[in-house]
Amino acid sequence: MRIFKFGGASVKDADSVKNVVKVLKEVGHKDTLVVISAMGKTTNAMEKVVNAYFDGKNGLEEAIDEVRDGHKKIINYLFEIKNHQIHNTVNALIEEFRGFLMWNKSPKYAFVYDQVVGYGELLSTTIVSAYLNEVGLANQWLDVRDLIKTDNSYRDAQVNWERTQKEVTSAVNKNKLNITQGFLGSDENNFTTTLGREGSDYTAAILAYCLKAESVTIWKDVPGVLNADPRHFDETQLLNEISYREAIELAFYGASVIHPKTLQPLQGREIPLHVKSFVNPKEPGTTVGKGTKISPEVPCFIVKKNQVLLKLSSLDFSFIVEENMSEIFKLFHDYRLKVDLIQNSAISFSVCLDNKFGGLKEILLVLQEKFKVSCQEGVSLYTIRHFDENSVEKILNGYTVLVEQRGKETIQLVVK
């Protein structure tokens, strides 16, 4: 059995949904499980609903109407019959999460977020499944919350692999075309959980692992895995093959094409991952698997912008030792600051951080009680895998280097 994953860009509007049909017809759809994300920017629209709810329900109905109208527009383009049953099904789903917000008593943002935002995936798969049936591609719609079982760490749930294996193998008919959602799971009380933003790739890998699938294909609007993000770099090159290890390294440093958690279950069963273009589905794309480290072997560029460079020095010129480091890293964990680079000497410690959860202001107050603190916001972290001097020069041009760290295959530069 094959696993296909279509992200939000591949189902962003009616024409995109029609293109999914085209892809399935071109590459085949027998014995296939298709994982689909929310349509286009729906997750952002669902987040607006949640935020309006916590803002005293100010603008809540308008936010819900925005979700309803966006999906209604797509339905009207896809289905010729004005009173098609899909209208009722979609309205019922919207009323479900609207009803939840009316009776919910929990003040916990993460819990409410998961119960509401996941309807983006439920809406998209319901529409796509109905359209596939309409054009003759009979399929089985599956609620992934019945398949992937997790703990109750809302917004970043951890998979219960034993229960998930049991549910997946009993529910999925390998002889049919199956449609399900990415990003979602459920806890032991059947409340919806989410696997983290961009978790649909991870969903595909979980299902592939449980089904011992022959392959996973992620369909994107790029020709495959490139050696740099074309949004930030003018010249890019397609990577034909990458090993699991290399892909994990690239994901660890921040490459956005493959979700970091996706690769581990695939490597466990040696299931190849293909990253291909939904615009040109017959093109070979990139294969991630066992064997070739990277082909062609060219420098790979990764950039993380709007980072924070923090430098801590001891107040009395004493050494920064293990005890200090342990305390500092516990604070990073508590304030949800992701560490991207570390450099230390006897009496100072520099670290490049991602402040996406906004904990920087509070942690600075704590650190200043024990350390001399220097903080620079708005820096960029460049990572180059398989670097050479020419590739480094491209990055250095026009920037001031604040921290440089070189290894055998990787260089990291914090620049301003």
Side-chain angles (χ1 to χ4, degrees), residues 4 6-26 29-30 32-50 52-53 57 59-104 115-147 171 173 176-184 192 200 219 278:
F4 286 174
F6 289 93
S10 61
V11 289
K12 65 182 179 181
D13 52 29
D15 287 337
S16 299
V17 174
K18 291 179 179 180
N19 187 65
V20 170
V21 174
K22 178 175 175 286
V23 171
L24 292 175
K25 287 182 175 180
E26 281 194 38
H29 52 81
K30 291 183 179 179
T32 303
L33 171 56
V34 180
V35 176
I36 299 176
S37 300
M39 292 174 154
K41 300 296 183 182
T42 298
T43 298
N44 294 334
M46 300 302 293
E47 288 175 344
K48 284 174 64 176
V49 171
V50 176
Y53 171 78
K57 301 184 181 178
L60 178 60
E61 290 302 324
E62 290 86 346
I64 293 173
D65 286 343
E66 182 182 332
V67 174
R68 190 194 310 271
D69 293 345
H71 289 88
K72 184 177 179 180
K73 180 180 179 180
I74 292 173
I75 291 170
N76 287 338
Y77 275 106
L78 288 176
F79 298 89
E80 294 181 4
I81 303 173
K82 294 293 183 183
N83 59 348
H84 196 285
Q85 177 60 35
I86 189 63
H87 289 280
N88 295 331
T89 307
V90 165
N91 282 330
L93 286 171
I94 291 172
E95 288 307 309
E96 271 187 31
F97 73 76
R98 185 176 180 275
F100 164 79
L101 292 173
M102 295 303 105
W103 61 255
N104 171 63
Q115 307 321 302
V116 174
V117 170
Y119 275 89
E121 277 70 19
L122 295 170
L123 286 164
S124 68
T125 53
T126 298
I127 293 169
V128 173
S129 175
Y131 183 68
L132 291 176
N133 282 324
E134 191 83 356
V135 297
L137 297 185
N139 66 90
Q140 174 177 262
W141 184 90
L142 298 168
D143 190 333
V144 78
R145 298 173 298 178
D146 296 332
L147 307 181
N173 186 334
K176 289 186 175 182
L177 172 61
N178 299 269
I179 308 295
T180 197
Q181 307 78 38
F183 186 48
L184 309 179
T192 303
S200 293
W219 296 97
F278 58 70

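The structure presented is a predicted model; accordingly, all values stated were derived computationally and were not measured.
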Practice prompt. Take Q140 and I179 through the side chain to side chain contact (heavy atoms under 4.5 Å, CB included) test and state the conclusion after the steps.
Written response: CA-CA 6 Å; Q140 174 177 262; I179 308 295; over 6 Å; no
**Item:** Flag, side chain of T126 to backbone of S124, donor-acceptor distance under 3.5 Å
**Value:** no
Interatomic distance, CD1@I64 vs CG@D69, rounded to 0.5 Å, equals 11.5 Å
Worksheet item: Within a strict 4.5 Å, meaning less than it, do heavy atoms of the L137 and H29 side chains meet?
Response: yes
Between A171 and L142 the two heavy atoms that sit nearest each other are O-CD2, 4.1 Å
For R145, the salt bridge (charged side-chain N to carboxylate O under 4.0 Å, His left out) test, sequence neighbours excluded, returns D143
Contacts of D15 meeting side chain to side chain contact (heavy atoms under 4.5 Å, CB included) (sequence neighbours excluded), chain-then-number -> D13, K18
field: Derivation and outcome, side chain to side chain contact (heavy atoms under 4.5 Å, CB included), residues F97 and V49
entry: CA-CA 10 Å; F97 73 76; V49 171; 4.2 Å; yes
> Is the backbone N or O of T192 less than 3.5 Å from a side-chain atom of Q115, with the two atoms forming a donor-acceptor pair by type?
Replying inline: yes
Next item on the list: List the steps and the verdict of side chain to side chain contact (heavy atoms under 4.5 Å, CB included) for I74 and M39.
Entry: CA-CA 10 Å; I74 292 173; M39 292 174 154; 3.6 Å; yes
The ring pair (Phe, Tyr, Trp, His ring centres under 6.0 Å) partners of H84 (sequence neighbours excluded) come to F79
Residue pairs meeting salt bridge (Lys or Arg N to Asp or Glu O under 4.0 Å), one or both in residues 122-135, sequence neighbours left out, come to none
Taken in chain and number order and not counting sequence neighbours, the residues that satisfy side chain to side chain donor-acceptor pair (under 3.5 Å) with T180 are none
Check your understanding: How about I127 and V17: do any of their side-chain heavy atoms sit closer than 4.5 Å?
Key -> no
Below 4.0 angstrom, N of the basic side chain to O of the carboxylate: do R68 and E95 qualify? yes
Residues at least two apart in sequence or cross-chain that pass side chain to side chain donor-acceptor pair (under 3.5 Å) with D146, listed by chain then number, are none
CG (N88) and CG (N83) are apart, to the nearest 0.5 Å, by 8.5 Å
Within-4.5 Å side-chain heavy-atom neighbours: V21 and V128 = no
The complete set of side-chain hydrogen bond (donor to acceptor under 3.5 Å, both in side chains) pairs with one or both residues in residues 71-80, sequence neighbours excluded, reads none
Residues at least two apart in sequence or cross-chain that pass side chain to side chain donor-acceptor pair (under 3.5 Å) with K22, listed by chain then number, are E26
Inset, instruction - Report yes or no: do N133 and N139 form a side-chain donor-acceptor pair below 3.5 Å? - result: yes
### Message
Pair L177, L33 - check side chain to side chain contact (heavy atoms under 4.5 Å, CB included), show working.
### Response
CA-CA 6 Å; L177 172 61; L33 171 56; over 6 Å; no
For L78 and Y131 the tightest heavy-atom approach is O-CE1, 3.5 Å
Rounded to the nearest 0.5 Å, the CG atom of L122 sits from the OG1 atom of T89 at a distance of 12.5 Å
With sequence neighbours left out, the residues meeting salt bridge (charged side-chain N to carboxylate O under 4.0 Å, His left out) with E66 are K48
ask   = Judged by atom type as modelled, is there a donor-acceptor pair below 3.5 Å linking the side chain of E121 to the main-chain atoms of A38?
value = yes
With F4 as partner, the option from N178, I36, V34 fulfilling side chain to side chain contact (heavy atoms under 4.5 Å, CB included) is V34
Residues passing the ring pair (Phe, Tyr, Trp, His ring centres under 6.0 Å) test with F100, sequence neighbours excluded, are W103
Residues passing the salt bridge (charged side-chain N to carboxylate O under 4.0 Å, His left out) test with E61, sequence neighbours excluded, are R98
When rounded to the nearest 0.5 Å, the distance separating CZ of F278 from CG of L24 is 13.0 Å
Minimal heavy-atom distance between V116 and M46, with the atoms involved, is O-CE, 3.1 Å
One should read off an interatomic distance between W219 CH2 and F6 CZ, to the nearest 0.5 angstrom, of 6.0 Å
Give a yes-or-no answer on whether the side chains of S16 and S10 include a donor-acceptor pair shorter than 3.5 Å. no
Rounding to 0.5 Å, atoms OG1 (T125) and CG (L184) come to a distance of 8.5 Å
Residues passing the side chain to side chain donor-acceptor pair (under 3.5 Å) test with Y53, sequence neighbours excluded, are N104
